[in-house]
Amino acid sequence: MLNATIFQKKVLREITSISEHESFSIYFRHKKQFTFPLHTHEEYELNLVLGGAGIQRIIGDHIGYIGHAELVMVGPDLPHGWFTQGDLDDDALEVTLQFRKDLFSDDFLYKDQLHNIRKLLENAGRGIMFTPTLAETVYRRLIKLQKTRGFEAFIGLLLLLQELAVAGNSTLLSSVLFKREEVSPDSGQLERALEYMNRHYGSAIALTDIARVLHMSEASFSRFMKAQTGMTFTENLVELRLGHVTRMLVTTQLTIAEIAYHCGFNNMANFNKLFKRHKGCTPKEYKMKYSKQLLKRVG
C-alpha cells in the first residue's frame, strides 16, 4: 500500500537556524532559481514570493503553480517546497518568516482572545494560501517587522498572525487526511476511524463498518465525522482516496485505471468526474503535468 509515510521518506528534514532565545526569524532573498528539496521542519513558516509567476508549489499532497504574488503558511512537519526548472527571467523575492511551534502554549492559545490565531495555526497543518492582495500588504508588514526588536517584535508577530487569521478568501491546500490533525476531546475515536479508512481505502468501505468499529450507531457516527472534520464520511473517504491517487500518479508506473481501482474507485466515469471536480484537471492531465517534475525533485 502506498501511503503518506512512504511518500515522506523522500522528503528532507530541515534543521532551521532559529535559536532558543528567538521568537522568530525573517529572511529576505532575491533568487533566480528555487531548487531547495521538498522538506519539513518543526517550525511554522510563512513564505512570501513576489515576481515568481510559474514557480511550482508542493504542499503536502497539493501541487500547483504560483502567480506573481504568493503567500502561504505551513505548519510543523508538513512537506513543502517551491521549484523552478531553470533560471527565472528576472529575480524573484522570497521572504520567509519562521517561528517555533512551542512559542505559544496551549493555555495561551485557548484564551478567548486568541481563538482566531489558534484556528490559523491548526489550519496551517494543511497549508494555507492567502490572496495576492494580502501578500502585497504582508510584504510591507514583514519589512517593518524585520527592523523591530524586543517586546515590540513579539507584538508585531501577534498582529501579523491576527491579520492572517481574519483574512478572507484563503485556501487550504493539502487534503484533510494527508496530515492528521489532533482533535480533542474525541481524537482517539477519530484516529481509529481514520486508521480504519487508511487500511481499507482500496476496498468497499461502508459507513456501517466504521460505526461498528467505534461502537456507534450509523447516525451518531455520521454526526461525529461531520463535527470533527467538517465533512461527511463519504466526502472524507473520497478525499482520502484521491490523495492516494495523486501520489500514485506521480510516483508509480501504473496505469490510471489500475491506480483508480487500487484506490477503491470501481467506476471510471465517476472517478474521472470526481478527480476533475477536486483537482481541476483530468487524471491524465495531472500525471503529464507533474510526474516528471515531482520525481526529479524528490527522487
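Between Y196 and H200, the angle of the ring planes lies from 30° to 60°, which puts this pair in the tilted group. Using a 30° and 60° split on the angle between ring planes, F28 and Y139 fall in the tilted class, from 30° to 60°. Aromatic ring pairs are classed by plane angle as parallel below 30°, tilted from 30° to 60° and perpendicular above 60°; the pair F154 and F104 is tilted. By the 30° and 60° cut-offs, the orientation of the rings of F271 relative to F265 is tilted.
For the pair K226 and F224, the NZ or CZ position fails the cation-pi test of under 6.0 Å to the six-membered ring centre and within 45 degrees of the ring normal. For R118 and Y110, the positive end sits near the middle of the six-membered ring, less than 6.0 Å away and at most 45° from its axis.
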Self-check item: side-chain contact (heavy atoms from CB on, under 4.5 Å) between V49 and V95, worked out
Solution: CA-CA 6 Å; V49 181; V95 186; over 6 Å; no
Self-check item: ring-ring contact (aromatic ring centres under 6.0 Å, His included) between F34 and F83, worked out
Solution: CA-CA 5 Å; F34 286 70; F83 307 103; 9.1 Å; no
Quiz item: Step by step, would you call E45 with M73 a side-chain contact (heavy atoms from CB on, under 4.5 Å)?
Solution: CA-CA 6 Å; E45 176 176 303; M73 184 173 183; over 6 Å; no
Exercise. Determine, stepwise, if the pair H62 / H80 fulfils ring-ring contact (aromatic ring centres under 6.0 Å, His included).
Key: CA-CA 9 Å; H62 160 89; H80 61 281; over 10 Å; no
Self-check item: side-chain contact (heavy atoms from CB on, under 4.5 Å) evaluation trace for T171 with I128
Solution: CA-CA 6 Å; T171 303; I128 311 170; over 6 Å; no
Exercise. List the steps and the verdict of side-chain hydrogen bond (donor to acceptor under 3.5 Å, both in side chains) for T84 and Q33.
Key: CA-CA 6 Å; T84 53; Q33 287 189 339; 5.6 Å; no
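Atom CG of residue L103 and atom CD of residue E22 lie 11.5 Å apart, to the nearest 0.5 angstrom. To the nearest 0.5 Å, atom CZ of residue F275 and atom CE of residue M268 are 10.5 Å apart. Between the CG atom in L97 and the CG atom in L160 there is a gap of 6.5 Å [rounded to 0.5 Å]. Going from atom CD of E136 over to atom CG of L48 covers 8.0 Å, rounded to the nearest 0.5 Å. Of the inter-residue distances, the one linking H278 atom NE2 with K276 atom NZ reads 14.0 Å to the nearest 0.5 angstrom.
Here the rule is side-chain contact (heavy atoms from CB on, under 4.5 Å) with S25, and of E43, Q98, R100 only Q98 fits it. Just one residue in the list L159, V138, I26 forms a side-chain contact (heavy atoms from CB on, under 4.5 Å) with L145, and that residue is I26.
At a cut-off of 3.5 Å, with distance as the only test, a side-chain donor of R29 or T96 sits close to an acceptor on the other residue.
Between D91 and K32 there is a salt bridge, with a side-chain nitrogen of the basic residue lying less than 4.0 Å from a carboxylate oxygen of the acidic one.
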